[in-house]
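Working notes for the structure below.
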Amino acid sequence: MPCKLAAGNWKMNGLRADLVELRALVAVQPAPDCGVLICPPATLLAPMAEIAAGSHVQLGGQDCHTGKSGAHTGDISADMLADAGARYVILGHSERRADHGESSDLVAEKARAAHSAGLIAIICVGETEAERDAGATLDVVLSQLKASTPAGATAANTVIAYEPVWAIGTGRTPTLEQIAEVHDALRATVPDADMSLLYGGSVKPGNAAEIFGLANVDGALVGGASLKAADFGAIISALDAA
Ligand code: 13P
């Protein structure tokens, strides 16, 4: 069975003053079958690890380098993330594919580095609006999936997140039928049928329950609504109830 996971991606948001949100989240008790994850900016990993110690909340990075260490100014390795308290790392987010020109081959190499450091890789895939309009959604998503997932990826070390680029931060979400179509195709294609499949893109307390009701949606990767414990807590409750 895939594991249920509510994952928050704080992106480039969060100062030490915002640790209060994690403290509030640690107080929310989800059912044991629902994992809760926050991926803060790297500067907050260590203080968050102290707050989350012994709680149900796990932590993740938002990117990692392919190497273990070395002369790569500004980069962070998977081993460093693990050392700071991370259990997961988001890889191939569309913002990194767009802002930093990351290819699926590079994402696969990063996922290999994450696995060697003992991290669970959350590999992101998703089409642009132009690709959807051209009827290329499944082609794009499935080819990103195949090229971004390294050999040795299993349900124990890899999670897939479907994030349509046009739904991120826009308040627009695909229809339930559109989400189901992509998630059903992902389930049929992933190398291990038990891999958790997350949906991401404008997930909010108001739409989480219906999205979690879909057969092949095992959770969400949440941006804006993960920044406040009250909103993210409501999404976690919706996942618990699903
Ligand atoms: P929003 O939830 O803000 O749309 O962001 C989704 C996302 O990109 C999560 O990785």
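Any value given below was found using the heavy atoms of this structure, including those in side chains, with hydrogens, waters and symmetry copies removed. This chain uses plain numbering: 1 for the first residue, then up along the sequence. Counting convention: from 1, in listed order, for ligands and their atoms alike.
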Using modelled atom types only, decide if a donor and an acceptor are shared between the side chain of K11 and the backbone of E95 within a distance under 3.5 Å. no

Taking side chain as C-beta onward, heavy atoms only, is V222 less than 4.5 Å from N9? no

Would you confirm whether S196, through its side chain, and V159, through its main-chain N or O, come within 3.5 Å as a donor-acceptor pair? no

Please determine whether a side-chain nitrogen of the Lys or Arg among E163 and R97 lies less than 4.0 Å from a carboxylate oxygen of the Asp or Glu. no

Is a side-chain N or O of H115 found less than 3.5 angstrom from the main chain of N157, in a donor-acceptor match? yes

Close residues, ligand 1: non-hydrogen atom nearer than 4.0 Å: N9, K11, H93, E163, A167, I168, G169, G201, S202, L221, V222, G223, G224

Among all residues two or more places apart in sequence or in another chain, which pass the side-chain contact (heavy atoms from CB on, under 4.5 Å) test with T137? E127, R132, V141, Y162, V182

